[in-house]
2 protein chains.
Amino acid sequence: MNTLVAPTPEAGSKPAQILDAAGKLFLDHGYGAVSMDAVAKMANVSKATLYAHFGSKDELFRAMVACVSKGQTLVAICEEAKRLDVADGLRLIARHFADLVMSPRAMAGYRVVVGEAHRFPELAQAFYEAGPAKTMEQIVGYMVEVNRKGQLSIPDPQLAAEQLVGLVKSHTHLRYMLCLADRPSEQELNRIIDGAVNLFIKGYAA
Amino acid sequence: MNTLVAPTPEAGSKPAQILDAAGKLFLDHGYGAVSMDAVAKMANVSKATLYAHFGSKDELFRAMVACVSKGQTLVAICEEAKRLDVADGLRLIARHFADLVMSPRAMAGYRVVVGEAHRFPELAQAFYEAGPAKTMEQIVGYMVEVNRKGQLSIPDPQLAAEQLVGLVKSHTHLRYMLCLADRPSEQELNRIIDGAVNLFIKGYAA
DNA sequence: GTCTATAGGCGGATAGAC
DNA sequence: GTCTATCCGCCTATAGAC
C-alpha cells in the first residue's frame, strides 16, 4: 500500500532527527532551495551520516513527504456525524475538514508537493491517496448515510462530497496556498462554514 | 498597478523569444529545475544576451510570471450573464471560469507560483491580484446584480461568489494541481457545472 | 547587442579514518 | 555508524572581443 516509506524510525534516533529537520526545511523553503548541508546541519549530523540513511536528496524528500502524509483522517468524525442531525453533522465535518486542510502544516505540504508534482508524479499520487482521497472516501460515506436516512436528498454522493469540500475550501484555500495569509481567523472560518452548511442543506433539502 | 513588468516586448524580438522559452521551461519544470543555459538554448540566444535583458534568474522568473499572469478575465462574460436568466447566467460564468482556471496553462501557472510562494511572496501576491482577485471581483459584481433584481436572495455577495468558485473547482482542481490528470473531460466538466448551478440556485432561491 | 569563453562557488555525493 | 575532508560537476553570472 504505502510503498514509499520504511516504518517510522524510533523517535530520537538519527534517522528521526534527519526526517524532522528535512520536514521543517523542505516544507518551509521548498525542495530546490534546501541543500543537504542545511539538512545535515539542522539535524546535528554529518553529511556522510545523512547519506548513509538516505541515499540521495530525492530519496530523503520522498521519505519526508511520506512521513508527513500520514495525517489524521476524518474517520472518527464522520462516524460521529452520522449520529447527529444533518446540520450538526455537516458542521462537525466541515469544521474538522477546515482545520485539517488549512492548518499551516497541511498548507506547507500542499505547497511543496504541488510545486514538485511535475518532477515527482508518483509522490504527488501517493500524497493524494494518503490524504485527500482518504478524506473524500469518508465524506462520501457520510453522504450515502444521510441520503439513506432521508435527511437530505442526495442522488450523487460523490458529487455532493466534492461540493462540500469545495464550499469549505472555497476561495480561501487558494489564498493560503499562495502564502497571502497565515491561517484563517476564527471569524472567517465560521463565516465560511456556516455559509457552506446553510447552502448545502437548503440545496439538498429532501 | 502592475509593477512587475515592462510593456510586453514586441513579438519576435530577442526578449520575446527569451520570455517565451522561459515560460515553457519554468511552467513545465519549475523554477529550481531550469537552468539559464537551458533557457538560452531554447531561446536560441547566448547566455550573455539573456543576462543583458534580464539581470538575473529571479528577474527572468518574475518577468515570465507577470507575462503569463496577464490572463483574460471574466469581464465580458459577467456582463453578458447579467442579461440572461439566473440559470443560464450562472452556467455561463461557471463554464468560462472552469475553462479559465483548469486550462493546462493556468494549472502550470498555479503550480509554479504556489511552489515558489515562500521564496517569492510579492510575486504570489501580484499573481493573485492580476488573476484570481480580478475574477472574483467580476463574479461578486454579478452576485450583487442578481440579488438586486431579486432573481436570487443573496445577503452576502462576496461569500456567494467564493462559494460558486469553490463549487466549480470543487475537488477536481486539486487533482489537476497534483498532475493526477491532464484536464477534465467534457463529461466531467458538465457534471460539475450542472451540479454547482443546481445547488446554488436551490440554495439561494428567493 | 551579441557572441565565446571562463570565473567562481555552491551543492550533491564519496573516500577513508575511527 | 559516524565523523572530517574532499572531489567534481553544474549553474549563475561576467569579462572581453566583435
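FYI, side chains are in, hydrogens and waters are out, and symmetry mates aren't considered; it's all heavy atoms of this structure. By convention in this document, chain letters (A, B, ...) are assigned in the order of the sequence lines, proteins followed by strands, and residues within each chain are numbered from 1.
Phosphate contact (OP1/OP2 of D:dT2, side-chain N/O of A:T49, threshold under 4.0 Å): absent. Put simply, B:K47 has no side-chain N or O that comes within less than 4.0 Å of OP1 or OP2 on D:dT12.
Atom pair A:I18:CD1 and D:dT2:C1' shows a separation of 11 Å (rounding to whole Å applied). For the pair B:L25 CG and D:dT12 P, the interatomic distance rounds to 12 Å; values are reported in whole Å. Per the geometry, CZ belonging to A:F54 stands 16 Å off P belonging to C:dT14, to the nearest Å. The distance between atom CD of A:Q17 and atom P of D:dG1, rounded to the nearest whole Å, is 14 Å. When the C1' atom of C:dG12 is taken as reference, atom CG of A:D37 falls 8 Å away, rounded to whole Å. In this structure, B:Y31 atom OH and D:dC11 atom C1' are separated by 11 Å, rounded to whole Å. Atom-to-atom, NZ of A:K41 to C1' of D:dT2 comes out at 19 Å; the value is rounded to the nearest Å. Following rounding to the nearest Å, A:L60 (CG) and C:dG11 (P) show an atom-to-atom distance of 16 Å.
Under 4.0 Å is where a charged nitrogen must lie from a carboxylate oxygen, and between B:K134 and B:E137 no such pair does. Under the 4.0 Å criterion applied to side-chain N and carboxylate O atoms, A:K24 and A:D28 are not assigned as salt-bridge partners. Residues B:E116 and B:K57 are not paired through a salt bridge, judged by the lack of any N-O separation under 4.0 Å between the basic side chain and the carboxylate.
In the model, B:Y204 has a side-chain atom that pairs as donor or acceptor with a side-chain atom of B:Q163 under 3.5 Å.
At a threshold of 4.0 angstrom between heavy atoms, the contacts of B:V34 are confined to the sugar-phosphate backbone, with no base atom among them. Residue contacts shown for A:S46 include a base, since a base heavy atom lies under 4.0 Å away.
Classified by interplanar angle (parallel below 30°, tilted 30° to 60°, perpendicular above 60°), the ring pair A:H29/B:H118 is tilted.
Of the candidates D:dT12, C:dT4, C:dT14, C:dT14 carries the atom nearest the A:Y51 side chain, counting heavy atoms from C-beta on. Listed nucleotides: D:dT12, C:dC3, D:dC3. Nearest to the side chain of B:K57: D:dT12. Minimum atom distance to the side chain of A:A48 is reached by C:dA15, of the listed C:dA15, D:dT14, C:dT2. Nearest nucleotide to the B:K14 side chain, out of C:dT2, C:dG11, D:dC3: C:dT2.
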